[in-house]
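Just so it is clear, the model here is predicted, and its values are computed rather than measured. Chain identifiers are assigned alphabetically (A, B, ...) following the order of the sequence lines, protein sequences preceding nucleic acid strands; residue numbering begins at 1 within each chain.
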Amino acid sequence: MSTFIKPRVPRGMRDILPEQMIRRQYVIDVIRDVFEEFGFEPLQTPALELSEVLTGKYGPDAEKLIYQAGHTGGKEDISLRYDLSVPLCRVIAMYPQLPKPFKRYQIDPVWRAERPQKGRYRQFFQCDADTVGSESMLADAENVNLVYQVLSRLGFKQFEININDRKLITGIGQYAGVPTAQLGGLYRSIDKLDKIGVDGVIAELRENEIPEDVIEKLIELLQIGGDAADVLTDMNQRLGSSEIAREGIADLEKLINHLTILGVPEQYYRVNVAMVRGLEYYTGPIYETVVEEPKIGSITGGGRYDELIGSFSKQSYPATGTSFGIERIIDVMEEFDMFPVSVGKTVTQVLMTVFDDQLMDESLKLATVLRQGGIRTEMYFRPTKISAQLKYAGNKGIPYAVILGSDELAGGNAAVRDLTTREQENVPLDKVVETIKSMIRTVSD
RNA sequence: GUGGAUGUAGCUCAGGGGUAGAGUGCCUGACUGUGGAUCAGGAGGUCGUGGGUUCAAAUCCCAUCAUCCACCCCA
């Protein structure tokens, strides 16, 4: 009878303990604020979807990573959602009355049956903002602007939003004359440019038996750099004969112009024709943010998917969106200690100590006053030594303690102790709230 | 899915075929009204799990699971 189950969680999943949760909430709050600032509305969908909703959307590689969620006796074939975009498309098709453009955000977990490692989990949160029903490049520019706004508000200094376009990529493939069957491998190789360098890409293309003259053409294209407008002009000259490439270039030109007007500084984005992205459903502009340090892959990703809703309904809609990976953003922020001091270890602001049994009631009353004054207050439940109570508060990271002993009470006071500076002062009982509030304000300024 | 490394106290880790170690943290006391110092005590581990070899396994072998790293792919 006394056999215990070893407590553990499924592979690649983890508990998020309070200290960690406080940081997550801070990041999520920043993201949500920005989303709502741009007029995106909240949406929630089930964690589980019918498998048929998810299959055939992401491409064969990604589809293998969908978590099956069948249960004994279950009559429906269901799976855990792989992302938030496909469920959104299902929603659009199910509720045609939603006014367009429909702008929604969703912050929820998704599941992928991958092998976990740093920055890669089997359950992780995505924060998506998407616009459905507008083909304007303004919507895409807004996506990029969201990324810029969120990351700069979180204190990121070094990041680069890579921008490309699926139409342009297709044009490049045509221009190079690569057979359709080999296009996937081709894109995968050039996507690694930043990682393995030009020589690495050449080697890989040769391995894939891409003709030498094609490789040469491609490498020339991929090495085009400079500011966004120049890259696009250059591309236009070289690929102008391809209609699809021209469309992609025109889209990107509009997008870049909008970014300029919106005030997104040029240093934070670049047109990178070597950036591909794996998901099959993208049809137009795509974007992805990478940070150099730590090497954690992309922290945001997104793009336009004009055909996806059409797989659920006769009435299709153009759509575009972007996604933030909270886990990776937090990993980066922890690595560089980017959390403001106001994001502490605990939500509690004050520990109300209890001096002895006789004074318990007085402490309880004062705790209530503190809470009514808007101060998050934990009551110590046992009249142990003050030293133990202060130690508890200190360990927990509670910034202030209020001590109500017989001496203080005799003078109509309570002692307010700053656990960080170890300074304390006696304050009249009716001034305690005010005193603590001003202390909190001073620290967060 | 492929390859590699690791798994010993709450945490960081040492050790190594014969009674399980350090640092740190934790608890108690010196300190009967004040948490980072000092001193003195103390608790805490079937050495990831299962099997095998052996008189004897934490140690050697096999398997398995978990974590980390690389690949693949991705947030």
query = Looking across every strand, which nucleic acid part, if any, lies under 4.0 Å from D356(A) by heavy atom: base, sugar-phosphate, or nothing?
reply = nothing
remark   = Pairing partner of rC60(B), by Watson-Crick or G-U wobble and under 3.5 Å for both distances, is rG52(B)
query = For rU6(B), what is the paired nucleotide under Watson-Crick or G-U wobble rules, both distances under 3.5 Å?
reply = rA66(B)
query = Looking for any heavy atom pair under 4.0 Å, which part of the strands does R277(A) touch: base, sugar-phosphate only, or nothing?
reply = sugar-phosphate
key: Given rG35(B), rA75(B), rG33(B), the nucleotide with the shortest approach to the side chain of E114(A)   = rA75(B)
request  = Measure from the side-chain heavy atoms of K391(A) and tell me the nearest of rC72(B), rA75(B), rC27(B).
outcome  = rC27(B)
inquiry  = On the nucleotide rA70(B), are OP1 or OP2 found under 4.0 Å from the side-chain N or O atoms that K118(A) carries?
reply    = no
inquiry  = Categorize S298(A) for me: base, sugar-phosphate, or nothing, with a 4.0 angstrom heavy-atom threshold over every strand shown.
reply    = sugar-phosphate
message = For F125(A), is there any backbone N or O sitting under 3.5 Å from a side-chain donor or acceptor partner on E327(A)?
response = yes
message = For the C1' atoms, the ones on rA40(B) and on rU46(B), what distance do you get once it is rounded to whole angstrom?
response = 32 Å
inquiry  = Please report the distance separating the P of rG51(B) from the corresponding atom of rA56(B), rounded so that it comes out in whole Å.
reply    = 15 Å
inquiry  = Heavy atoms only, 4.0 Å cut-off, all strands: where does G397(A) land among base, sugar-phosphate and nothing?
reply    = nothing
message = Nearest to the K195(A) side chain among rU34(B), rC71(B), rC26(B), which nucleotide is it?
response = rC71(B)
note = L351(A) CG to rG35(B) C1', in whole Å, measures 11 Å
request  = Report the distance from atom CG of L84(A) to atom P of rC74(B), rounded to the nearest whole Å.
outcome  = 17 Å
remark   = The Watson-Crick or G-U wobble partner of rG36(B), with both key distances under 3.5 Å, is none
query = Are OP1 or OP2 of rU67(B) and a side-chain N or O of R11(A) less than 4.0 angstrom apart?
reply = yes
query = Taking the side chain of I386(A) as heavy atoms from C-beta outward, which of rA75(B), rU34(B), rC71(B) is closest to it?
reply = rU34(B)
request  = Write down the distance separating the P atoms in rU64(B) and rG1(B), rounded off to the nearest Å.
outcome  = 12 Å
inquiry  = Under 3.5 Å for both donor-acceptor distances, Watson-Crick or wobble: does rG41(B) have a partner, and if so which one?
reply    = rC27(B)
request  = May I ask you to say what K192(A) touches in the nucleic acid, namely base, sugar-phosphate or nothing, with a heavy-atom cut-off under 4.0 Å?
outcome  = sugar-phosphate
inquiry  = So, taking the atom named CG in L308(A) and the one named CG in L88(A), what distance separates them when rounded to the nearest 0.5 Å?
reply    = 8.5 Å
task = Going by the side-chain contact (heavy atoms from CB on, under 4.5 Å) test, name the single residue among V416(A), V402(A), I436(A) that passes it with V427(A).
result = V416(A)
note = Assert: residue with more 5' nearest nucleotide on RNA chain B, out of A62(A) and P10(A), is P10(A)
message = If we ignore hydrogens and angles and just use 3.5 Å, is the side chain of Q349(A) paired with the main-chain N or O of R376(A) as donor and acceptor?
response = yes
task = Using a heavy-atom cut-off of under 4.0 Å over every strand shown, decide if T353(A) touches base, sugar-phosphate, or nothing.
result = nothing
ask   = In the structure shown, which nucleotide is the Watson-Crick or G-U wobble counterpart of rU12(B), with both distances under 3.5 Å?
value = rA22(B)
task = Kindly confirm whether the side-chain ring of F355(A) is stacked on the base of rG33(B), judged by centres under 5.5 Å and planes under 30°.
result = no
task = Take the protein atom CD1 of I286(A) and the nucleotide atom C1' of rC74(B), then report the distance between them rounded to whole Å.
result = 14 Å
ask   = Where the side chain of P116(A) is concerned, which of rA75(B), rG35(B), rU67(B) is the nearest nucleotide?
value = rU67(B)
task = Assign I403(A) to base, sugar-phosphate, or nothing according to its heavy-atom contacts below 4.0 angstrom with the strands shown.
result = base
key: Nucleotide rG1(B), atom C1' - distance to CZ of R120(A) in whole Å   = 12 Å
ask   = So what does K64(A) touch, heavy atoms closer than 4.0 Å: a base, only the sugar-phosphate, or nothing?
value = nothing
ask   = How far does the P atom of rC11(B) sit from the matching atom of rU49(B), given to the nearest Å?
value = 15 Å
Atom-to-atom span, CD1 of I196(A) to C1' of rC71(B) - whole angstrom = 12 Å
inquiry  = Counting C-beta onward and ignoring hydrogens, is there a side-chain heavy-atom pair between D83(A) and Y58(A) closer than 4.5 Å?
reply    = yes
message = Any donor-acceptor pair, under 3.5 Å, between the side chain of R115(A) and the base of rC74(B), if you only look at N and O atoms?
response = no
Between rA22(B) and rA75(B) - C1' atom distance, rounded Å = 41 Å
Spacing of the P atoms in rC72(B) and rU24(B) (rounded, Å) = 45 Å
task = Using a 4.0 Å heavy-atom cut-off across all strands, classify Q126(A) as base, sugar-phosphate, or nothing.
result = sugar-phosphate
ask   = Rounded to the Å, how far apart are Y392(A) OH and rC27(B) P?
value = 13 Å
task = With heavy atoms under 4.0 Å as the rule, sort Q123(A) into base, sugar-phosphate or nothing.
result = nothing
key: For rC71(B), the Watson-Crick or wobble partner whose two distances fall under 3.5 Å   = rG1(B)
query = How is Y121(A) classified with respect to the nucleic acid when contacts are heavy atoms under 4.0 Å: base, sugar-phosphate, or nothing?
reply = base
request  = For the pair D306(A) (side chain) and A319(A) (backbone), establish whether a donor and an acceptor sit closer than 3.5 Å, ignoring hydrogens and angles.
outcome  = yes
query = Is the base of rU34(B) touched by the side chain of Q389(A) through a donor-acceptor pair closer than 3.5 angstrom?
reply = no
key: Positive for side-chain contact (heavy atoms from CB on, under 4.5 Å) with I22(A), one of L17(A), V343(A), I16(A)   = V343(A)
key: Closest nucleotide among rG33(B), rG36(B), rC68(B) to the E408(A) side chain   = rG33(B)
remark   = note: F125(A), atom CZ; rA75(B), atom C1'; distance rounded to Å ~ 13 Å
query = How far does the C1' atom of rG17(B) sit from the matching atom of rG52(B), given to the nearest Å?
reply = 15 Å
message = Does the structure place the NZ or CZ of R32(A) under 6.0 Å from the centre of the six-membered ring of Y105(A), at an angle of no more than 45° from the ring's axis?
response = no
message = Please give the distance between the P atoms of rC74(B) and rG3(B) as a whole number of Å.
response = 22 Å
Close side-chain approach of L404(A) and L359(A), heavy atoms under 4.5 Å = no
remark   = Here the distance between atom P of rA75(B) and atom OH of Y58(A), to the nearest Å, is 11 Å
ask   = Heavy atoms under 4.0 Å, any strand shown: does E288(A) hit a base, just sugar-phosphate, or nothing?
value = nothing
message = Quick check for you: to the nearest 0.5 Å, what is the distance between D33(A) atom CG and Q149(A) atom CD?
response = 12.0 Å
request  = Please work out if I329(A) contacts a base, only the sugar-phosphate, or nothing of the nucleic acid, heavy-atom cut-off 4.0 Å.
outcome  = nothing
key: First of L419(A) and N395(A) reached from the 5' end of RNA chain B, by closest nucleotide   = N395(A)
